Amino acid sequence: MPIDFKGLRVVSFESRQAAEMAELIKAAGGKPVIAPSMREIPLEDNSEALTFAKLVVAGWIDLLILMTGVGTRLLIKTASTQHSIREFIDALKSVNIAALGPKPVTALREMGLGPTILVPKPYTWTDLLGILDEKYPVSKKRVAVQEYGQSNPEMIKALEERGAQVLAVPVYQWALPEDLEPLRGAMQDIISGDARRADFALFTSATQVRHLFQVAKMDGIETKLRQAFKKVCIGSVGPIASRAITEQGLTVDYEPDTPKMAHLVREMARRGGDLLYKKRTAFANRVDTNKWRRIDMVWQPGVQGQPTIKDSVFMKACRRERTPYTPVWIMRQAGRYQREYLRIRKRVTMLELCKTAEVAAEVTLMAVDRLGVDAAIIFADILLVTEPMGLNLEFVKGEGPVIHNPIRRCEDVDRLNDPDVNELSYVFDAIKITRRALRPDIALIGFAGAPFTIASYMIEGGKSRDYAKTKTMMYRDKATWNALMERLTKILSEYLNGQIAAGADAVQLFDSWVGSLSPDDYRQYVMPHVKRLIEGIDKSAPVINFSTGNPALLPLMKEAGGDVIGLDWRADLAEAWSILGDDVAVMGNMDPIVLYTSPEEIRAQAQAILDKAGGRPGHIFNLGHGVLPDMPPEHVAELVDAVHELSAR
Ligand code: CP3
């Protein structure tokens with residue numbers, strides 16, 4: 001999808017930057033509905049805060065309770081409009097200070113202050129009362145409570161019941177705008193449920209969200225508004241606005257990886273059409289789109305006039321049929337270059353993520369939502385298969401995968417488990433969940449490592465530069481090597497067939513390190529095994545045979561099998577395809593490093609690869625290797641768009 005709102009209506013709650021926002025939306029092909037939701041209040045208008053500052057300087061306050069970081073900073077800033085900052089901070093040094101949580105503490109430290117009363121975790125007001133009762137009874141004390149956004153009447157009541165004299169000190173930065181009519185008009189557009197009055201809502205701050213619902217509450221239409229958002233695609237500039245949105249019981253449909261207004265508009269214009277369609281389809285199919293995960297999506301295949309998976313652009317290309325454009329997906333399309341992925345990875349390890357089918361499915365679907373690719377690849381790893389064989393696998397931060405008990409000798413191979421493929425049923429479950437929630441015309445790719453590449457990890461124990469241990473076993477002890485390759489071939493074919501049975505539409509074999517071999521070695525030590533493996537794969541799913549590092553292996557890889565041969569970036573696509581012959585499809589092969597450059601360069605390089613393919617049926621666009629963890633996420637989306645646009649026939 002190009003960057004184009006296609007004339008749809010985009011509601012923005014921007015105030016000071018209203019004009020700029022309207023321009024951005026128009027430039028992206030949308031119709032802006034500007035509904036200012038806030039007005040900045042001059043610091044001097046915070047009369048309660050100014051009174052408080054006087055009382056502090058006069059030495060009247062015994063205890064100050066800080067509720068929020070933003071409010072703490074604002075309070076000090078306000079005080080310094082009437083007092084010198086030094087005078088005010090010095091006066092604060094003789095006040096007991098309690099902070100509810102780490103954020104006000106950080107704000108205090110910025111002023112060279114610290115809390116004198118430490119509130120235990122989880123820093124709730126009841127935790128505070130507990131510590132006050134124990135160490136600092138508030139009876140007859142003069143207690144100030146800093147409030148920002150909302151007050152806590154229960155806490156104030158509890159303090160008063162203990163005999164404290166309480167002074168509430170609300171600080172304000174934003175008020176509602178004086179003229180509420182535009183905001184009310186936008187609310188009516190949203191509530192109307194008329195698709196032509198409000199399609200998108202973009203929030204660029206948490207206050208916008210709160211103010212919108214504050215006015216809705218005043219007008220008695222809060223519930224109606226919340227319901228109506230089920231059919232509006234919601235964009236959020238970043239994590240803080242997103243939290244405010246979910247706190248209001250809504251779902252964020254898109255948050256850009258770069259928290260800037262212009263990125264929000266641009267990426268929403270790029271992906272919004274698909275996301276809106278998906279949200280409204282879900283709603284029509286009775287999904288509660290105000291609180292849903294991607295895996296909750298319900299499609300009714302066939303009903304929407306969608307092509308079926310069999311007729312999808314990706315599956316047609318696998319069969320070398322003509323397609324309206326070149327399908328594209330990106331190796332490692334779900335991963336560390338995306339903030340949404342990193343947020344999930346903070347909570348779970350790589351292995352836990354793979355083994356929690358619902359989360360693995362969510363991550364798989366996330367890449368499709370964000371990139372608009374023609375195929376999803378199930379989130380898993382090629383090395384998972386080593387665990388049921390009895391190896392001790394760990395993904396070590398900064399180092400990659402490590403096998404703690406590598407195999408080195410004949411006895412080690414004998415000692416391997418005769419694995420039960422159902423120990424990997426979590427991958428099958430993730431595939432089932434993903435396939436159900438994935439748009440019916442987008443393919444789901446299952447995958448496995450190829451025997452040589454898996455064997456190299458099992459023998460080396462991790463990554464290697466020269467594969468010395470692997471090759472030594474291969475050359476010196478053919479019987480052991482073959483025994484290992486046979487065991488791998490067996491489990492890998494069961495594994496891939498299990499994935500196909502669970503719903504994978506195609507499968508890919510990653511032979512990432514086989515390029516370290518010469519053609520003769522490949523023919524002798526690897527090809528027979530790969531051939532048998534591919535022959536054993538259910539014929540209903542096309543097989544992509546991918547390797548890197550050695551274009552000289554390509555004719556042999558074709559001989560080994562596969563409906564599609566995956567090229568790395570070092571191969572010349574036109575030359576490779578003419579060597580392979582026209583009876584096989586090819587996938588590839590842009591150098592991932594191009595993604596570091598610029599949209600213009602990405603476009604030019606995509607065009608160069610499309611030119612090499614020359615519009616022949618059977619080309620699937622991909623990188624020649626996986627996306628690196630620090631790639632600009634927008635550039636990956638840009639590449640997908642460029643391929644679709646440049647190849648449209
Ligand atoms: O989006 C996808 O492509 C699907 C998921 C996927 C992963 N690994 C997730 C992953 C796929 C298809 C793989 C394949 C894989 N794994 C290969 C073959 C592809 C290639 O790159 O040639 C290989 C060699 C591996 C082994 C592996 N797993 C390595 C070398 C690493 C560390 C590399 C690194 O970049 O740190 C992994 C870990 C891994 N696999 C991650 C992901 C998302 C990073 C995990 C994290 O820390 O979040």
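The structure displayed is predicted, hence computed values, not measured ones. Indexing begins at 1, ligand by ligand and atom by atom, following the structure's order.
- Interatomic distance, D511 CG to T453 OG1, rounded to the nearest 0.5 Å: 3.5 Å.
- What sits closest to atom 13 (C) of ligand 1 on the protein, heavy atoms only, is R332 NE, 3.5 Å.
- With respect to atom 11 (C) of ligand 1, the closest heavy atom belonging to the protein is F447 CZ, 3.5 Å.
- Regarding atom 19 (C) of ligand 1, its nearest protein heavy-atom neighbour is F510 CD2, 3.3 Å.
- For atom 5 (C) of ligand 1, the closest non-hydrogen atom on the protein side is A380 O, 3.4 Å.
- The contact set between ligand 1 and Y341, taken as ligand atoms under 4.0 Å from a residue heavy atom, comprises 43 (C), 45 (C), 46 (C), 48 (O).
- Against a heavy-atom cut-off of under 4.0 Å, I377 is close to the following atoms of ligand 1: 1 (O), 2 (C), 3 (O), 4 (C), 12 (C).
- Scanning the protein for heavy atoms near atom 14 (C) of ligand 1, the closest one is I382 CG2, 3.7 Å.
- The ligand atoms of ligand 1 that sit less than 4.0 angstrom from a heavy atom of S512 are 18 (C), 19 (C), 20 (C), 22 (O), 24 (C).
- Residue-ligand proximity, I378 to ligand 1, at heavy-atom distances under 4.0 Å covers atoms 4 (C).
- At least one heavy atom of P401 sits less than 4.0 Å from an atom of ligand 1.
- Of the residues listed (R294, R271, R439), the one engaging D369 in a side-chain hydrogen bond (donor to acceptor under 3.5 Å, both in side chains) is R294, and it is the only one.
- For ligand 1, the atoms sitting less than 4.0 Å from at least one non-hydrogen atom of H625 are 20 (C), 21 (O), 22 (O), numbered in the order shown with element in parentheses.
- A donor-acceptor pair is defined here as one N or O able to donate and one able to accept, closer than 3.5 Å; such a pair exists between the side chain of N497 and the backbone of G536.
- Residues P617 and E321 form no side-chain contact, since every pair of their non-hydrogen atoms from C-beta on lies 4.5 Å or further apart.
- For the atom pair CG of D253 and NZ of K278, the computed distance is 9.0 Å after rounding to the nearest 0.5 Å.
- Looking only at heavy atoms of the protein, atom 28 (N) of ligand 1 is closest to D381 OD1, 2.7 Å.
- Applying the 4.0 Å criterion to heavy atoms of Y457 picks out, from ligand 1, the atoms 24 (C), 26 (C), 30 (C).
- When only non-hydrogen protein atoms are considered, atom 10 (C) of ligand 1 lies nearest to M350 CE, 3.4 Å.
- Taking every heavy atom of R345 and a limit of under 4.0 angstrom, the matching atoms of ligand 1 come to 46 (C), 47 (O), 48 (O).
- Between F379 and Y341, the ring centre distance stays below 6.0 Å.
- Ligand 1 places these atoms under 4.0 Å from at least one heavy atom of F379: 43 (C).
- For atom 36 (O) of ligand 1, the nearest protein heavy atom (residue, atom name, distance) is R336 NH2, 2.9 Å.
- A cation-pi arrangement is present between R616 and W577, with the terminal nitrogen or guanidinium carbon under 6.0 Å from the aromatic centre and inside a 45° cone about the axis.
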